[in-house]
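What follows is one structure encoded as structure tokens, with my remarks underneath.
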Amino acid sequence: MNAIDATDRHIKSTDGPPPSLLAIILDTNPHAWAHLSSILPLSKAVASLLVFINAHLASGNANEVAVIASHSQRTHWLYPTPTLPTPHSTSTSNGHDANGTVPENANKYRPFAVIETAILSNLTTLLNSTTASSLSATSTTQISGALSTALSYISKSHIRHSPVDPTINDHSTITTPDTDGILGQQRVSLTSRILILSVSGDLANQYIPVMNAIFAAQRQRIPIDILKLAGDTVLLQQACDATGGIYMAPESPQGLLQYLMMGFLPDATARRALVLPSAGSVDFRAACFCHRKVVDIGYVCSVCLSIFCIPSLPDSKCLTCDSHLSLSTTLTVTPALIPRKKKKRKRGPGESATPAGSSTPAPGSGTPTHS
Amino acid sequence: MSASTTQALEYLEQLPGATHKRLYQQPSTALAVFRCMLPHLAKTIVMAMLYMTGPFPVHDLDAWIRTDAKAEKEKAISVLESLNIMAVIQESPKNFSYRLSSGFANSLKQALTGGGNHRSFGVPCSTPDKNKVDIAFLDQFARKQWEAILYYMVGSTSGLRDSEVLGQSVGNGTRQLLRMGEFVSVLHGVKITKTGFTFLLQEVNAQVWSLLIVYLKQAPGLGMNEVDVLSFLFMLGSLELGQDYSTANLTATQLQMLEDLNDFGIVYRRSKESSRFYPTRLATTLTSDAGALQNATTDFDNALRSSRAGRGYIIIETNYRIYAYTSSLLQIAVLSLFAKLSTRFPNLVSGKLTKDSIQKAIGHGIEARQIIDYLSAHAHPQMQKNNPVLPPTVMDQIRLWEYEGERIDTTNGYLMKDFNNDSEYRDLVNYAESLGVLTWKSDAKRLLFVDRIEQISQYLTNKKKRPDQ
């Protein structure tokens, strides 16, 4: 009754949480899956993932999903199929495009069926196109490419969801360089997150691109969740930590579905109400720029902050910025260890906090005045 | 959960447990209830429990949810319990656990995996239709039918010359339904009621649900099976627009419904004998986000474009001037209920919100909140960039105009008194507050007033059963 004042001005939104876009990066590295096959074959993992995707879509009516395979040498879209001119999430557009291919099934909710068919057929295409020669070339996965693909897809979706119709003023929205400021002002119309289902280790050779992707995600406030089934953890753990995502390395990968459903299904709105699993101690080590090795102690260029693992650089020049950097000279000098000064005994209560003779100007005396 | 489905939820909650059980046998119903009836946190809880091997201990759930989200948790659990989706079971004297109802869990699992042979997501026609209709036609049909209903309601009050003619095509059954739901009164010609106004200012999705709930309530009187009606509605929500479905698997009740739904514009059948039907956009969005649906009165073609953009048409300035980019008679009629319109151009109507016009609307039974909700829901995209969407001065003034007329607010409800001690009183106050049913309280007298009692009494019985909590 008496609530007519400025505080009551905001309309209570009854619309529920904003739609959530989940970009899933499935690591399809054949080497790693071959290694895992006795515990959790890829087919089972994909089946669990499909149930998880359906659960995500059911959790919000406007929820969207994007699935990217990070294969040994390239990334591959699993859903939406890239040949579509406009990959909308609405069931109408999907229905149009996939009418011919999706079998009619009265036992399945149609949007689920559409996505499932697309993912499975794209995954089959990907696996069939993998040759023995491409397998032997590398044993790791193209995680950095997949991350950038996911990030660009998310930012495209953000533009599509903004309240102003992008088709009306295309140019002002897309070409504005500082999206951060704009996104902050707009009402949140879409929350996004990235889930990486990772099985490969040895990602240090992609240190720079992955870190750049992490910083981009951090800037756009996109959490990166990691479900690590196998392999080492260095880089991805940092991704979670920097972006506020969830990191999990389950001991028994057979229970993949339950991990997904309980740990990774809650979106940003639900996470505010939940106690999230903590990552424990995070490995913050970096990889060097010269040999892509994870280093405990390295050398840092004083100009561009590049990291190197060895002091002997060619021509004493930084590999990144080409400025003079003779690291070897620093080696000979043992760093002087200055013993810490013992603190004086407690001062009396009336004494000034500034010790006598310090360079801090006394209040009033040193204030510069404009003449 | 969006506003449009709140009333459907209220209806579902008051159904007996046996009805729930029979409803959840259909995977499509279980999925639709999950998708559109549950609060967000409840969905999270259900999904976490769905593939859990055992029951979920109460204190584990408490540990999982942060303490500052207690209100949301209480709400989620009370909805889940009142829909008989989840129940507390006692494992040992000290241990209580939550368990999903097995029928619901199985159906939801089937819906997620697409297994089983229940054929509850609609049976598509195997043979191609000779006279196939396209989506544009279906949209056209749905809009024509639905707008006719709205015209019929708004006709006499808006004072527009040609509006009564437009409402003539409404079927007799629909007219009766509108009267039963107290949307219109037909004492001296058709006159819209307060409930009718509330109905009119809702989003189209909420309108459809309101009408369907009236329909549901009178269904048993017509010899229709409530469960059949409900599961058919939920099934309609999961169908594909533009696809023809066979009537072969439907029960007698559902065949009867098809005719009525055809009148509303929710499904399309070429004739009463046709063995196939097409769901329209009104049907396929029954269980999905209201935001994804274009208001039926604006151009349906726009609905095909991206979800949120381009749905609003009203601009309001801080000087109370209002500009509506529309040529739809219905929208103009609705606007004229609370705005003083002065000029009409081919694609634009302009006018002003005045004290007279607002108070006239309030005299008809429209609330200030409804007007503000309507204006902000249909605000032009350029206005939607602002936060808040409407100019604050306009919102305040509309409220003040309403406040001038009413000094007393009445709420029906229940007074709780005679508490044994203060902690018992506080506990119940906190619970009532978290449910959002607390209307008034007096700490000194240990009195509280709630507008709904079911969940409170359930809580008290539960508390009696387990004194440790």
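Note on naming: letters A, B, ... go to the chains in the order of the sequence lines (proteins, then strands), and numbering restarts at 1 for each one.
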Quiz item: By side chain to side chain contact (heavy atoms under 4.5 Å, CB included), which residues pair with B/T247, not counting sequence neighbours?
Solution: B/L250, B/L255, B/L258, B/R269, B/S275, B/F277
Quiz item: How would you list, by chain and number, every residue that makes a side chain to side chain contact (heavy atoms under 4.5 Å, CB included) with B/A283, sequence neighbours excluded?
Solution: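 Expected list: B/L236, B/I266, B/P279.
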Heavy-atom distances under 4.5 Å only: say whether [X] touches chain A with side chain, backbone, both or neither.
X: B/S238; result: both
X: B/A32; result: neither
X: B/L31; result: side chain
X: B/L41; result: side chain

Practice problem: Could you grab the distance from atom CG of A/L49 to atom NZ of A/K44, nearest 0.5 Å is fine? | Solution: 15.5 Å
Quiz prompt | Contact origin within A/L274 toward chain B - heavy atom pairs under 4.5 Å | solution =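 Both parts, heavy atoms under 4.5 Å.
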Quiz item: Does the B/R399 side chain pair with the main chain of B/I372, one donor and one acceptor, at a distance under 3.5 Å?
Solution: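 No; zero donor-acceptor contacts below 3.5 Å.
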Practice problem: For A/Y247 and A/K228, indicate whether the former's side chain and the latter's backbone hold a donor-acceptor pair under 3.5 Å. | Solution: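 Looks like no, no N/O pair under 3.5 Å.
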Practice problem: Look at B/I45, B/L112, B/T67 and state which one has the largest set of heavy-atom pairs under 4.5 Å with chain A. | Solution: B/L112
